[in-house]
Chemist: 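Handing you this structure, nothing more for now.
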Amino acid sequence: MAAATACRLSAICRQFQRVIKISSPVSAQRPSQALVSYHSCLQRQNDLFRLSRPSQCRLLHTSSSRWGLEDFFDLPENWGETAVKSGAPWTAKQLRAKSNEDLHKLWYVLLKEKNMLFTIEQEAKRQRVQMPSPERIKKVERSMRRLDTVVKEREDALRLLQTGQEKGRPGEWRRNVFGKNFWYRFREHPIPWFMNRRYKRKRFYTPPFVAPYTRLSLEKHLRSKARREAREKRKQQKLSEMFPKNTAKA
């Protein structure tokens, strides 16, 4: 009985050794085959992603990735010119017809143009020469100011539709201790106003002895306004005398 059991164990051991000898070279080749199949799968996924990605979809950028600081200067064909042709600034009517996405893109285009013009202006000051067509800076600034106004109009309209408030933070006109009117914006406080010592220190009234100085301040403002209007009128008269054919409007 013991001899038969020993013969069976020896036979099983010989079969096990034979299986190990046969499968060892096969198992050695499996990692390389798995690596090749993994790389092929990755390549196939990249090809599919490249084909499925839309060609017109790309991130917003206004500068070429191949250029460096050259975007801060004008085009090479405008170098050395005394005058550079430029279009009219954007009007509010034109900007109101554009979408929010177009306004967002246009803002960065104008910002890039403004930085370029400031660089040209600084370089002209360094060389002590006249900047070509300096009115372009005012055109860009006027366009950006109008664009900002259009965006604020849309924000106010949306706020009025949603909350019924004209301003982002509600408030009211108040008068300080110097008799000046200013817009006070309401804010939230953790305690009531009659218990808030910091709020009580803000005096929203005008003492009676400040009334004469308020009258003098108003008189000063009206006199400066009259002088400014007279100065502008004299300037228009001089222009009309120098250019009688093209009479400027007074």
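Only a predicted model underlies this, so the values are computations on that prediction, with no experimental measurement involved. Numbers here simply count residues along the sequence, with the first being 1.
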Chemist: Which residues pass the salt bridge (charged side-chain N to carboxylate O under 4.0 Å, His left out) test with E123, not counting sequence neighbours?
Modeler: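 R126.
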Chemist: Would you list the pairs meeting salt bridge (Lys or Arg N to Asp or Glu O under 4.0 Å) in which at least one residue belongs to residues 127-144, sequence neighbours left out?
Modeler: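 Residue pairs passing salt bridge (Lys or Arg N to Asp or Glu O under 4.0 Å), neighbours aside: D74-R136.
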Chemist: Are H104 and N100 close enough that some pair of their side-chain heavy atoms sits under 4.5 Å apart?
Modeler: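 No - every pair of side-chain heavy atoms lies 4.5 Å or more apart.
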Chemist: Using the salt bridge (Lys or Arg N to Asp or Glu O under 4.0 Å) rule, collect all pairs that involve residues 174-198, keeping only residues at least two apart or in two chains.
Modeler: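 Qualifying pairs: E172-R174.
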Chemist: Test of understanding: with side chain to side chain contact (heavy atoms under 4.5 Å, CB included), list the residues that count as partners of Q130, not counting sequence neighbours.
Modeler: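 Testing Q130 for side chain to side chain contact (heavy atoms under 4.5 Å, CB included), a comparison that skips the adjacent residues, returns P134.
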Chemist: Within a reach of under 6.0 Å around CZ of F182, are more than 12 heavy atoms found that belong to other residues, nucleotides or ligands?
Modeler: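 Yes, CZ of F182 has more than 12 neighbouring heavy atoms, counting only those of other groups under 6.0 Å.
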Chemist: Linking Ile, Leu, Val, Met, Phe, Trp and Tyr through side-chain heavy atoms less than 4.5 Å apart, which residues share a cluster with F209?
Modeler: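 In the cluster with F209 are V210.
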Chemist: Looking only at heavy atoms, what is the nearest atom pair of R146 and T91, with distance?
Modeler: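 Between these two residues, the closest heavy atoms are NH1-CA, 3.7 Å.
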Chemist: Taking the side chain as everything from C-beta on, heavy atoms only, tell me whether W107 gets closer than 4.5 Å to M144.
Modeler: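 Yes; the side chains approach each other to less than 4.5 Å.
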Chemist: Got a sec, which residues hit salt bridge (charged side-chain N to carboxylate O under 4.0 Å, His left out) with R96, two or more places apart in sequence or on another chain?
Modeler: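 Salt bridge (charged side-chain N to carboxylate O under 4.0 Å, His left out) list for R96, sorted by chain: E153.
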Chemist: Less than 4.5 Å apart, any side-chain heavy atom of E113 and any of V109?
Modeler: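 In short, these two side chains do not touch, never coming nearer than 4.5 Å.
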Chemist: Please give the remaining members of the hydrophobic cluster of V177, linking ILVMFWY side chains under 4.5 Å, ordered by chain and number.
Modeler: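 V177 shares its hydrophobic cluster with F178.
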Chemist: With R159, which residues qualify under salt bridge (charged side-chain N to carboxylate O under 4.0 Å, His left out), at least two apart?
Modeler: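 Once residues adjacent in sequence are excluded, the partners of R159 under the salt bridge (charged side-chain N to carboxylate O under 4.0 Å, His left out) criterion are D156.
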Chemist: Give a yes or no on whether the backbone of K220 and the side-chain of S224 come within a donor-acceptor separation of less than 3.5 Å.
Modeler: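 Yes, the answer is positive, given that a donor and an acceptor are paired below the 3.5 Å cut-off.
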Chemist: Inspect the contact between E101 and K105 and indicate whether a charged nitrogen and a carboxylate oxygen are less than 4.0 angstrom apart.
Modeler: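 Looking at K105 and E101, the cut-off is met.
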Chemist: How about L95 and L106: do any of their side-chain heavy atoms sit closer than 4.5 Å?
Modeler: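 Yes - at least one pair of side-chain heavy atoms lies under 4.5 Å apart.
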Chemist: Residues in side chain to side chain donor-acceptor pair (under 3.5 Å) with T163, at least two apart?
Modeler: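 Listed in chain order: nothing, the list is empty.
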Chemist: Once salt bridge (charged side-chain N to carboxylate O under 4.0 Å, His left out) is applied, do any residues pair with R223, and if so which ones, sequence neighbours excluded?
Modeler: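 For R223, the residues satisfying salt bridge (charged side-chain N to carboxylate O under 4.0 Å, His left out) (neighbours in sequence not counted) are E219.
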Chemist: Members other than W183 in its cluster, when Ile, Leu, Val, Met, Phe, Trp, Tyr link by side-chain heavy atoms under 4.5 Å?
Modeler: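 Via sub-4.5 Å side-chain contacts, W183 links to W173.
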Chemist: Do L110 and V151 belong together in a cluster built from hydrophobic side chains that touch within less than 4.5 Å?
Modeler: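 Result: yes, single cluster for both.
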Chemist: Below 4.5 Å, heavy atoms only, C-beta onward: do I137 and K114 meet side chain to side chain?
Modeler: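 Sidechains of K114 and I137: no contact.
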Chemist: What pairs with F118 under ring pair (Phe, Tyr, Trp, His ring centres under 6.0 Å), at least two apart in sequence or on another chain?
Modeler: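 In terms of ring pair (Phe, Tyr, Trp, His ring centres under 6.0 Å), with neighbours along the sequence ignored, F118 is linked to no residue.
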Chemist: Can you find a heavy atom in the side chain of I120 that is under 4.5 Å from one in the side chain of M116?
Modeler: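 Yes. Closest side-chain heavy atoms under 4.5 Å.
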Chemist: Determine whether Q236 and E232 make a side-chain contact, defined as any pair of heavy atoms from C-beta on separated by less than 4.5 Å.
Modeler: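 Result yes, sub-4.5 Å side-chain heavy-atom pair found.
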Chemist: Going by atom types alone, do Q237 and E241 pair a side-chain donor with an acceptor below 3.5 Å?
Modeler: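 Judged by distance alone, the side chains do not pair up.
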